[in-house]
Novice: 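Structure below; questions to follow.
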2 protein chains.
Amino acid sequence: MSIPTIVINRLPVYLRELLRLEAEGQSVTSSQELARRLGMSSAQIRKDLSHFGEFGKQGTGYRIDFLRQHLQKILKVEREWDVALIGAGDLGQAIAHNNSFAARGFRITCIFDSSSARIGTTIAKLVVQSTDLLEVTLREKNIRIGLLAIPAEHAQKVTDRLVKAGIVSILNYAPVNLSVPETVRVQYMDPVIQLQRMTYYHL
Amino acid sequence: MSIPTIVINRLPVYLRELLRLEAEGQSVTSSQELARRLGMSSAQIRKDLSHFGEFGKQGTGYRIDFLRQHLQKILKVEREWDVALIGAGDLGQAIAHNNSFAARGFRITCIFDSSSARIGTTIAKLVVQSTDLLEVTLREKNIRIGLLAIPAEHAQKVTDRLVKAGIVSILNYAPVNLSVPETVRVQYMDPVIQLQRMTYYHL
DNA sequence: TAGATTGTTAATCGATTAACAATC
DNA sequence: TAGATTGTTAATCGATTAACAATC
């Protein structure tokens, strides 16, 4: 009935590759070409897309702009999203300065930190706010997405506050598993975990 | 015969949680406790571990230090790894300053950049080298792991050079899919992809 | 002993793939 | 028309789960 998560997880990868093909000036592609470029099977791409409708033409493949637009609608990224950044340390600052977020539709519109040394400073044109203002500001701005860039020790209790403040998607840069209600999604960004997934295969 | 990748991918998450439990002063745990903390089923944890041996005791569970050590051996992270960082821009600098790598066994030992403005500067006690020296330095230091933090446009051609220079694991921060031989592993760090995996579920 | 938890089996569930009719 | 590629089906393959004997 509902679309498997594993399928949803691949859609952004398809979307990114379509944008790349467009940037390269191509206007049509095929499941075969996409599969080759992404290192997967063409059957899987066609199967994944078939969950959402018919986007291609027999014999010719897919119009890139058409498929891209549909994927953006499906993923709800045809719009812009306001996101909150929690943590203004080294990592938080790097995130705030990374213009890839805004370039791809995720606008960092507020930054929070608990250290008085950082509150009131300006990072990427935003004044760092006290975490005391978390709930008020998130509700006021109706923000649903949080980027969590604080030490692991504080991650769970800040997460609980984010959830209470109406956040439903958390991108967690802290190297710790978070407990959230079923209505809330968490994705993890831990580079060391990723490295450890590869060293297993070293001789 | 060989262990499924999906199992290998979960082991670092188990390891991270075991380290956390140790830090909290606990010395014994169970598949149930781990499962609850990680939001998964206890059967899956036991099944995953059973690929590698018998680490627990009926009735009491797992000694944390014992299981942690075994997971570290299995993942080959009981040792330290030297890694190369390619890219000394904002992102590269943030990576270089992130002490979580060294704290968890991945030592960044050289940094490369192609911009003459950055070559020769010092970041996190390392002098930025010209990418011209990539092959020579990696061979000399026998480095197998690369962190790729350069613009998407250059990622594939630098990847090809890394592979030729003997790199077998790449953590790719550039928002682009990489083509590599089967002997080489790539993991991706693209925060926007992660965000797009969550917006689908928003109302 | 009684209670708890492992490691493992078999069943269930879900994902991937190969193949092909439809059709551009 | 001939060639190419889709969307879909059915078969295969793989992963997860429930259940429980073994045993600490």
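Just so you know, these numbers use all the heavy atoms, side chains as well, and skip hydrogens, waters and symmetry mates.
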Novice: Which base sits across from dA21(C) as a Watson-Crick or G-U pair, both distances under 3.5 Å?
Specialist: dT6(D)
Novice: Are there more than 12 heavy atoms of other residues, nucleotides or ligands under 6.0 Å from atom CZ of Arg144(A)?
Specialist: no
Novice: So what does Ser42(A) touch, heavy atoms closer than 4.0 Å: a base, only the sugar-phosphate, or nothing?
Specialist: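 If one applies the 4.0 Å heavy-atom cut-off, Ser42(A) turns out to touch nothing in the nucleic acid.
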Novice: What donor-acceptor contacts under 3.5 angstrom involve side-chain atoms of residues 51-58 of chain A, with partners at least two apart or in another chain?
Specialist:
unit_1   : atom_1 : unit_2   : atom_2 : d
His51(A) : ND1    : Lys47(A) : O      : 3.2
His51(A) : ND1    : Asp48(A) : O      : 3.2

Novice: When you list every nucleotide of DNA chain C with an atom under 4.0 Å from a heavy atom of chain B, which one comes first 5' to 3', and which comes last?
Specialist: dA4(C) to dT9(C)
Novice: side-chain contact (heavy atoms from CB on, under 4.5 Å) with Tyr188(A): which of Leu178(A), Leu148(A), Leu171(A)?
Specialist: Leu178(A)
Novice: Can you tell me if Asp190(B) and Gln194(B) form a side-chain donor-acceptor pair at under 3.5 Å?
Specialist: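 There is no such pair (donor and acceptor under 3.5 Å, judged by atom type) between the side chains of Asp190(B) and Gln194(B).
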Novice: On DNA chain C, check which nucleotide each of Arg10(A) and Arg46(A) is closest to and give me the residue with the more 5' one.
Specialist: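 Upstream on the strand: Arg10(A).
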Novice: Please determine, by modelled atom types, if Arg36(A) and Gln32(A) share a side-chain donor-acceptor pair under 3.5 angstrom.
Specialist: no
Novice: Pairing check on dC13(C): which nucleotide meets the Watson-Crick or G-U wobble criteria with it, both distances under 3.5 Å?
Specialist: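 Answer to the pairing question: dG14(D), which forms a Watson-Crick or G-U pair with dC13(C).
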Novice: Can you confirm whether more than 12 heavy atoms, excluding those of Arg104(B), are under 6.0 Å from its CZ atom?
Specialist: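 More than 12 heavy atoms, drawn from other residues, nucleotides or ligands, come within 6.0 Å of this atom.
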